[in-house]
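The sequence lines fix the lettering, A, B, ..., with proteins before strands; numbering per chain opens at 1. Computed from a prediction, not measured in an experiment: that's the story for all the values here.
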There are 2 protein chains.
Amino acid sequence: MTKQRKAILETLKSTDCHPTADWIYNEVKDEIPNISLGTVYRNLNFLAEQGEIMVLDYGSTHSRYDGTPEQHYHFHCQECDSVYDIHINLKETLNQQADEATPFTINEHRLEFYGICDKCQNS
Amino acid sequence: MTKQRKAILETLKSTDCHPTADWIYNEVKDEIPNISLGTVYRNLNFLAEQGEIMVLDYGSTHSRYDGTPEQHYHFHCQECDSVYDIHINLKETLNQQADEATPFTINEHRLEFYGICDKCQNS
DNA sequence: TTAACTGCAAATGGTTTGCTCTGTC
DNA sequence: GACAGAGCAAACCATTTGCAGTTAA
């Protein structure tokens with residue numbers, strides 16, 4: 001656990017804005033000015049493999065990262081591009097329904113919601 | 001509707017393998033040898049905007065395309081990388097649950113399942 | 001010590017785009 | 001004749017990678 005990896009993880013854990021690698025890079029640069037973007041990517045990938053963070057790479061050119069590895073879903077505002085957490089428990093239900101409808105063994109699923117957030121609706 | 005666009009759409013509609021742009025390009029090249037990859041991409045994007053096809057760009061470097069625009073989900077085999085359709089109707093249920101759990105207006109969602117397909121289990 | 005990791009910069013590669021040419025109405 | 005669309009090749013750009021130097025254990 002180098003200071004770079006630690007700073008990246010802490011930066012990600014201390015925000016709820018589901019940032020891109022570039023955003024994290026700029027944040028961490030305040031603390032470690034000569035850190036490189038390659039290091040940020042390498043560590044994000046490492047941490048994701050370890051299950052400490054989540055990668056949100058659904059249908060966009062930029063991946064976003066989430067420091068909360070526990071099961072939850074995401075909502076993307078189609079107006080302001082913000083990403084919010086959604087805590088509803090569907091894991092078993094969904095996997096079971098897919099299991100029953102197919103001859104496959106379902107291990108997991110990925111689910112994202114899209115719409116307009118409350119802030120954008122009121123403006 | 002040029003012959004290129006027609007060939008691309010027909011190629012996509014006549015397969016259930018959820019191909020990549022490159023696969024479609026190679027298929028269509030049999031019929032129109034000097035078609036370019038740029039044309040394939042331009043037409044796939046156009047057709048997706050028109051709602052005639054679906055783009056599957058979930059967490060992978062390659063996008064895949066689906067010629068069936070009707071609502072359905074997908075299963076990705078983690079072993080052989082195949083993609084299969086899953087027909088279960090969850091649309092209203094899921095959107096409603098997310099609606100109730102948040103202050104947001106839910107318009108749509110994207111859901112993908114992962115696991116091992118029947119062929120890979122038996123080999 | 002040494003295996004893992006960093007910084008830097010160049011490479012990667014799927015996708016997009018600019019430009020010119022062509023086919024269609 | 002105008003205009004949407006094609007072909008070609010170059011550009012894009014987020015991400016990855018090779019390498020030489022550095023650091024944590």
Could you walk me through whether B/Leu94 and B/Leu111 pass the side-chain contact (heavy atoms from CB on, under 4.5 Å) test, one step at a time? CA-CA 10 Å; B/Leu94 284 183; B/Leu111 171 60; 4.0 Å; yes
Tell me: [atom1] of [X] to [atom2] of [N], nearest whole Å?
X: B/Ile35; N: D/dC8; atom1: CD1; atom2: C1'; answer: 13 Å
X: A/Asp57; N: C/dG14; atom1: CG; atom2: P; answer: 16 Å
X: A/Tyr41; N: C/dT6; atom1: OH; atom2: C1'; answer: 17 Å
X: B/Leu37; N: D/dA6; atom1: CG; atom2: P; answer: 13 Å
X: A/Lys6; N: C/dT6; atom1: NZ; atom2: P; answer: 14 Å
X: A/Lys29; N: C/dT6; atom1: NZ; atom2: P; answer: 17 Å
X: A/Asn34; N: C/dA9; atom1: CG; atom2: C1'; answer: 15 Å
X: A/Asp22; N: D/dT16; atom1: CG; atom2: C1'; answer: 15 Å

End axis versus end axis in the helix from C/dT1-D/dA25 to C/dC25-D/dG1, the angle rounded to 10°, five pairs used at each terminus: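 Helix axis angle between the two ends: 30°.
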Looking across every strand, which nucleic acid part, if any, lies under 4.0 Å from A/Ser63 by heavy atom: base, sugar-phosphate, or nothing? sugar-phosphate
Sugar-phosphate, base or nothing in reach of A/Asn45, heavy atoms under 4.0 Å: sugar-phosphate
Would you kindly check if the NZ (Lys) or CZ (Arg) of A/Arg5 is within the cone defined by 45 degrees around the ring axis of A/Phe46 and under 6.0 Å from the six-membered ring centre?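 Here A/Arg5 passes the 6.0 Å and 45° test against A/Phe46.
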Ignoring hydrogens and geometry beyond distance, is a side-chain donor-acceptor pair present between [X] and [Y] at under 3.5 Å?
X: B/His76; Y: B/Asp81; answer: no
X: B/Gln78; Y: A/Glu108; answer: yes
X: B/Glu112; Y: A/His109; answer: no
X: B/His62; Y: B/Asp22; answer: no
X: B/Arg110; Y: A/Tyr58; answer: no

Which nucleotide, C/dG7, C/dG14, D/dG7, lies nearest any side-chain atom of B/His62? C/dG14
Winner on side-chain proximity to A/Ser36, out of D/dT15, C/dG7, C/dT6, is C/dG7
Identify each atom pair where a protein N or O and an N or O of nucleotides 19-25 of chain D are less than 3.5 Å apart, giving names and distance.
none

What about A/Phe75 and B/Phe104, are their ring centers closer than 6.0 Å?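 Judged by ring-centre distance (under 6.0 Å), A/Phe75 and B/Phe104 do meet the cut-off.
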Contacts of B/Thr61 and B/Gly38 projected onto DNA chain C by closest heavy atom; the upstream (5') one is B/Thr61
Smallest separation among heavy atoms of A/His72 and A/Glu70, with atom names: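 A/His72 and A/Glu70 have their closest heavy atoms at ND1-O, 2.7 Å.
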